[in-house]
Amino acid sequence: MAATDFTPDEMMTIAAARALSNDDVCFVGIGAPSAACNVARLTHAPDITLIYESGTIGTAPSVLPLSIGDGELCETALTTVSVPEMFRYWLQGGRITVGFLGAAQLDPFGNINTTVIGDYAHPKTRLPGGGGAPEIASSCGEVFITMKQAKRGMVKAIDFFTSFGHGKGGTDRQDRGITTKGPTLLVTDLALWRPNPETKEFEVNAIHPGVTRDEIADSCGWDIRYRDDVEETPPPTEEELTTLREIKARTAEAHRRKGA
Amino acid sequence: MAATDFTPDEMMTIAAARALSNDDVCFVGIGAPSAACNVARLTHAPDITLIYESGTIGTAPSVLPLSIGDGELCETALTTVSVPEMFRYWLQGGRITVGFLGAAQLDPFGNINTTVIGDYAHPKTRLPGGGGAPEIASSCGEVFITMKQAKRGMVKAIDFFTSFGHGKGGTDRQDRGITTKGPTLLVTDLALWRPNPETKEFEVNAIHPGVTRDEIADSCGWDIRYRDDVEETPPPTEEELTTLREIKARTAEAHRRKGA
Amino acid sequence: MATVKSLQEAIAENVKPGDSVAFEGFTHLIPHAAAHEVIRQGIGDLTLIRMTPDIVYDQLIGCGLVKKLVFSYAGNPGVGLLRRLRDAVENSVPRPLEIEEHSHAAMANAYEAGAAGLPLAVFRGYKGAGLKDVNPNIREVTCPFTGEVLAAVPAIRPDVAVIHAQKADRKGNVLIEGILGVQKEAVLAAKRSVVTVEEIVDDLGDIHPNLTVLPGWTVTAIAAVPGGAHPSYARGYYGRDNAAYLDWDRIAADMDSFRGWIDENVMAVGPEAFAERVAELRGKM
Amino acid sequence: MATVKSLQEAIAENVKPGDSVAFEGFTHLIPHAAAHEVIRQGIGDLTLIRMTPDIVYDQLIGCGLVKKLVFSYAGNPGVGLLRRLRDAVENSVPRPLEIEEHSHAAMANAYEAGAAGLPLAVFRGYKGAGLKDVNPNIREVTCPFTGEVLAAVPAIRPDVAVIHAQKADRKGNVLIEGILGVQKEAVLAAKRSVVTVEEIVDDLGDIHPNLTVLPGWTVTAIAAVPGGAHPSYARGYYGRDNAAYLDWDRIAADMDSFRGWIDENVMAVGPEAFAERVAELRGKM
């Protein structure tokens, strides 16, 4: 049964969750990726393996972590390894099927900036930096990106290449000797995008229920391409929505300090 | 109180034990080195750190291990790490003060062969090979060698450079960019040898009690040099001898299979 | 060989002006009390190293004690940006901050290489990434077997590593459990180390043989500081003070409120204040 | 994803003639039962990889199943030489044996590099050592920061890794405790893996979070073979059969007594024979 009352944010998380399968081994970032991965685990993909870069392998948190190394991740993990081992044996070792990334700036080829707005040496805004992203982008089998649409976020050209997607498009990625697929999916709060098989430029593949093409255009800084047979994203099912809302509620409760 | 009844083997082990101090971190091989290190630990150097290449750090076995990875080593260790970590963080990391090596063939410059007798491609005798020795010889602060004297063991030129001592002597070692001291001590069943500070050739520094210079010469394949003021090795004390014999007895008992 | 000291002594003897210092801890076991001691002692001109500089480095930077930062992700986890860090980078307030920026993979490998006594770390990374163009310490090595071009960064060899751990025994052996981060590597890579612990016990007891233990002879100084990781957490002792991380965003928003907070919560108190801060968080993991 | 099989099936499906196979175990947890199954199935032309080939490789070599050996120390630990290995190298009996010889440090690093997905391992080693002159797989890499020349060897990437471990759960997650050797690295470096275990349990239970566990999705096949490490040992289950190692020196002394032993102890029995062999060694650790 489909839900009718849901937010764009909820639709984004649920659409991302659906792209994950039971066999995936997923390198999870904090925020929307973490919610999507855990909704997948709690609905159609109970055996999905979730890995956080803090070293926790096979975690099954009951609440969403506020940080990448919350105690809950370790307590519910199959095992917890050191951070050097995580990056050497697990990420670089080619064991991750899906890496999930967010972006401050994203271009239509899936290149991501989370480093600086403006010039690197004299930035207008200093952002947190790449963290694990440069190697998540190159070592994971494929990369899913989630972000809310905004003109300042979805830009024609990013200010800094924190992590490489499809570069200039076409075969740029493989020409640089990168053997993994790179970004294969972008889920925003308004639509689901996939790269064109030839040009590697993101195209809208599905529009979330109730969203118009004008809304998509008004919140995106690049010229939008649509696949010929654009679909409508199926709305969240009751199960999906309940699962997401419950884990969000548990999370809010857990992160509220007693008496604070 | 000094003991009067002891074997050359016992004198060798005890003389080697005396060279170790409480502050040493010692990379231990099986056989005579293991006995010497544990006698040191049970007599004058109770806080010595013994490390076996199986990954056991800070072991205190009650019996001598038959192999480098006996369960006793793990059970009595402060911690047990993987073998890659042992060789990377602990040996290569420069944390070992003394590496203990044996030899099938040894030359007067402390170069060791445990690989082949004869030609490498068509050996007369295929020996076990180097194991940890090539890097023990270069990464430990200094190297102690123990072996029983024999003309076929102590030779002018070894058949294969399993591990590097002082090469051709003089500054050969540092000329190759090796920054550690290399062999600083050779303890045989007959004498205690140290490299000449200039030539790096082993010289007899002390002769074990009751041993003659003829006996040393008859069991050594190279031309022997004596330091000017050669001493007599102090005989084993009762404590040293009792400690050695007790650990050997416990070891023999432990390694005898019930009913076999 | 580790000696047990007061935190004041351990920091005074081991952290000197101009040192490169790695305060490590990956969300878990972040050595806040030790960093506050550095602030109280006013030890400056530091090069700080850390994969995930969060609010503890925002504090050191805001106090003007830091000339250079080597890092891979600088954010307040789950909250947002670091306002003191931004102010230093964007506006040179309170002083200019030189930065050397890497990826997590690079820094994790560089700590590992430091612990392993190597001059460099070799890994597959930075493919198509912009940091290569702005950080001259990102170079290349070609595999002599396959011809593959791999990334190379210098090993991290700090003057001092500072970490927080669960326990030490009387011989100075240190036990770390749970999310391990790069703390073991940081200590083994450093010339000197200061380890704050929740408690010092007679001996580590009947622990599993494969747990992460730093032998006492690999550690310089140990200080018992219960609660010393707050607002980070210590598995088995107390949970993370998530509210404190949220609060920091407001505290660090301007220099006045920042200084007020430092005066009240760092300068006017000692390490014993940490025990009280975690009182309500004990058992919340 | 690991599937639980009989040992016969696990070996038949995963070890093929001509494969490169790493049977690993560092004194502890040596996978003897799995090697015997390879002998029974007569799977030949193997390239065997192992840091410390001891009597288990003496057996495979004596049976003529091995064309090449990659190793760093080939001896009967605490006893002496390996007589079947010597006969193959010195006299080509029962067939010539090609060898690729390294140091322990090189092989440990090469397994680590294999697990890490790298084409090579870089380390400080082989300084002045003769193996550099006889093994073309020992090369050099120059550090672009310091100019130091370091040793390089190719990563080990076996077709199959075979190990013995204490436990697996129903999902195929494998627990290894005690002396860890390079088993985790061998499995992660290999294309396929067979893990024999002392027992399969419903779940691994309340184990410490930092223990060595191979997730089921990193393992190909699991077979329960109680005693399967004999005469090696399994911490928590049974002690080492030191007498068997001493006996081996006599058994392997000539081809006739060797064949007789193989016929009686390998060909005429199945993996279930191992449980009985360790019966008297249980609790002796």
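Residue numbering restarts at 1 for every chain, and letters A, B, ... go by the order of the sequence lines.
With a 4.5 Å cut-off on side-chain heavy atoms, His28(D) and Tyr233(D) count as touching.
Taking Pro134(B), Gly177(B), Cys74(B), Gly118(B) one by one and counting their heavy-atom pairs under 4.5 Å with chain D, the maximum is reached by Cys74(B). Options Gly129(B), Pro128(B), Gly69(B) differ in how many heavy-atom pairs under 4.5 Å they form with chain D, and the most are formed by Pro128(B). Contact count against chain D (heavy-atom pairs under 4.5 Å) is highest for Gly132(B) among Ser138(B), Ala121(B), Gly132(B).
Heavy atoms of Leu85(D) lying under 4.5 Å from chain B are absent altogether. The contact between Leu131(D) and chain B is made by backbone and side chain atoms together, counting heavy-atom distances below 4.5 Å. In this structure, chain B has a heavy atom under 4.5 Å from the side chain of Met51(D), while its backbone stays farther away. Proximity to chain B (any heavy atom under 4.5 Å) is restricted, for Phe71(D), to the side chain, taken from C-beta onward. Using a 4.5 Å cut-off between heavy atoms, Tyr111(D) makes no contact with chain B at all.
Side-chain N/O atoms of Thr180(B) and Arg173(B) include a donor and acceptor closer than 3.5 Å. Side-chain polar atoms of Glu53(B) and His104(D) form a donor-acceptor pair below 3.5 angstrom.
By the 4.0 Å N-to-carboxylate-O rule, Glu10(B) lies close enough to Arg245(B) to be salt-bridged with it.
Judged by the 6.0 Å and 45° rule, Arg194(B) forms no cation-pi pair with Phe202(B).
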